[in-house]
Number of protein chains: 2
Amino acid sequence: MTVSRVLRNRGDVSPTTRQKVLEAARQLGYVPNKIAGALASQRVNLVAVIIPSMSNMVFPEVMTGISRVLEETELQPVVGVTDYLPEKEEKVLYEMLSWRPSGVIIAGLEHSDASRAMLAAAGIPVIEIMDTDGTPVDSAVGISHRRAGREMAKAILAAGYRRIGYMGTRLGLDHRARKRFEGFTEALAKGGVEIEDQEFYTNGSALGKGREMTAAMMARSPELDFLYYSNDMIGAGGLLWMREQGYDVPGAVGMAGFNDVQLLHGLPSKLATMDSCRQEIGRRAAEIILARLNGEDAPSGKVELTPVINPGDTLRAP
Amino acid sequence: MTVSRVLRNRGDVSPTTRQKVLEAARQLGYVPNKIAGALASQRVNLVAVIIPSMSNMVFPEVMTGISRVLEETELQPVVGVTDYLPEKEEKVLYEMLSWRPSGVIIAGLEHSDASRAMLAAAGIPVIEIMDTDGTPVDSAVGISHRRAGREMAKAILAAGYRRIGYMGTRLGLDHRARKRFEGFTEALAKGGVEIEDQEFYTNGSALGKGREMTAAMMARSPELDFLYYSNDMIGAGGLLWMREQGYDVPGAVGMAGFNDVQLLHGLPSKLATMDSCRQEIGRRAAEIILARLNGEDAPSGKVELTPVINPGDTLRAP
DNA sequence: GTGAAAGCGCTAACAT
DNA sequence: ATGTTAGCGCTTTCAC
């Protein structure tokens, strides 16, 4: 029918009929059925975005980056949440792929075999984000968390700290935190230093957990002169506690977190941290999808961004 | 084909053929095409969720509530973000409805005429969330922000504060903040009190903005004995600043925010606030959708939850 | 218990 | 510039 042509601004349609169709559509409150359209055209302008969590403060920013670039196109992001659970990731991925999206943006490089197989077989651009330590199915945009851990360790050693404690999420579920930890310990080892104490948590109010863990650790290991946190939220909690207790930060004890979450700017003192380039990761990933879909040559393989250390007020100058 | 029956566990299929089909599907890496399925069956297990923002700290919690209940069903939430822009809301809504979802959960009661028309014409359950001050297209689950504002005003007056300053987002875009403000001023007026100073902001790091605005306001109006913030984030920023300046909170100056964001639990002192029931709103909305879809009788019209004041450390006892 | 056939509401290609 | 037709990959219904 001509109607289809009008509604998609395609082909030559006389302005007269065009008007008539538009008018009729409005009157009937017509909303086209994309399902039928997609089935017929074999094109779906959806980009599946699969992330571990929404309440994390890190993924909303990635989403912002993605939305910004997709906004000016036909493409629409559709998000799925995995809660850091591989089985759930598999399920969500399956569900999303069954809608035949035009591309997939998925967090991390670690997936179940089944998930990897699905991604590889989907025949669409697949961008794995956040991390570049590993082998992507297709392309990856992110930072090297191992390197991020190393860099922070080097900065800490350079500043003269030697007795280091670590606090973070229970390793295992969060591969990126694990890799940072590995890079961190590795670089410390090169400097002849070992982590003296560590503590892990699973959930709860991050700020509060940071306080609790820090209090417990300082009670247990008062000799520590540096506290490294797997994320800024628990780090900020720890910092608040340390300040209240009257510790000399960063003189006697240095502290650092990870992510550079904007949310915390405005706290009495600023935790040393490392920017994880979240928004740019989202932007770049969406751009690659877009380029691929337009048949342009987009960087395949890894795109590694470089996180920068922000010493804040809790890392003394070397 | 029998295949279809197997993959959906429907109808009677002999275990033998069933096995064969399953095996073949696995081998081929077969992912069913939901587009075709949806078109044929006229059923789409998607629930459109339309919210103003993701980075807000309030909507992720609503999403959690929704996901929790939808998780155990066939239904999948699909989110769209409007950035508080009516035109964008219209566009996102149109886009989502054209996928013929099984239901819509949309924030707020204020929509463009076109949006309301689309919602009304969609012929699916429509739950407007967060707010109950107005007329829903179909059902609404939320709190009365006008009442929330009033209650807070009453509590403040009851505690003996009289010289009140207000800080919040620029009114207009955020209808719920506006309604709280209206309820607040209204209840103050009943007590013979008027807001003495106010300040609005548009964007930026909320904690930081709270600091800046508070500093500016206290410099301008040192006589104030209470500061009411439109949200906890700026309130927390303000509270940190007040503490640093050595103000006697809540003795000389009381303070309160809104939302009861979990994220802030762990700060040195706790801002008085009001729980906005976010997760429960999400849960209830999803439950209503579910019930409707199952043909059960679900509460149509408004479901008004009751937010509770949490006095924290910044509201002295009456 | 299994197969065959008719559509779902569009788009694409081909008439006219 | 407009109409016609054949699918897209499933589900549904009805036969067997």
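Proteins come first, then strands; the chains are lettered A, B, ... in the order of their sequence lines, and each starts at number 1.
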Revision key, fill the gap. Among C/dC10, C/dT11, D/dG9, the one nearest any side-chain atom of A/N33 is C/dC10
Review point. Which of these, A/R176, A/R180, A/K179, A/K302, sits in a salt bridge (charged side-chain N to carboxylate O under 4.0 Å, His left out) with A/D131?
Key: A/K179
Study note, to complete from the structure: Residues pairing under side chain to side chain donor-acceptor pair (under 3.5 Å) where one sits in residues 68-80 of chain A, two or more places apart or in two chains, turn out to be A/E71-B/K88
Review point. What's the CG-C1' distance between A/L39 and D/dC8, to the nearest Å?
Key: 4 Å
Study note, to complete from the structure: Of the candidates C/dG9, C/dT11, D/dC10, the side chain of A/R43 sits closest to C/dT11
Review point. B/T17 side chain N/O closer than 4.0 Å to the phosphate oxygens (OP1, OP2) of C/dT2?
Key: yes
Review point. Charged N to carboxylate O under 4.0 angstrom, B/E280 versus B/R283?
Key: yes
Exercise for review: For D/dC10, take OP1 and OP2 only and decide whether either is under 4.0 Å from a side-chain N or O of B/Y30.
Suggested key: yes
Practice item. Can you spot which of B/V58, B/I143, B/V141 makes a side-chain contact (heavy atoms from CB on, under 4.5 Å) with B/M130? Key: B/V58
Check your understanding: Within a strict 4.5 Å, meaning less than it, do heavy atoms of the B/L97 and B/I124 side chains meet?
Key -> yes
Practice item. Ignoring backbone atoms, establish whether B/S4 has a side-chain N or O less than 4.0 Å from OP1 or OP2 of D/dT11. Key: yes
Point to revise | B/Q42 side chain near C/dG9 phosphate (N/O to OP1/OP2, under 4.0 Å) | key: yes
Check your understanding: CZ of B/R5 versus C1' of C/dG1: gap in Å, rounded?
Key -> 8 Å
Revision key, fill the gap. Regarding the side chain of A/A40, the nearest nucleotide among C/dG9, D/dC10, C/dG3 is C/dG9
Practice item. Rounded off to whole Å, could you give me the NZ-to-C1' distance for the B/K20 and C/dT2 pair? Key: 12 Å
Review point. To the nearest 10 degrees, what angle separates the axes at the start and end of the helix from C/dG1-D/dC16 to C/dT16-D/dA1, five pairs each?
Key: 40°
Check your understanding: When only distance counts, do a donor and an acceptor, one from the side chain of B/R18 and one from the base of C/dG1, lie under 3.5 Å apart?
Key -> no
Check your understanding: When you check the phosphate oxygens OP1 and OP2 of C/dT2, does a side-chain N or O of B/S14 lie under 4.0 Å from one of them?
Key -> yes
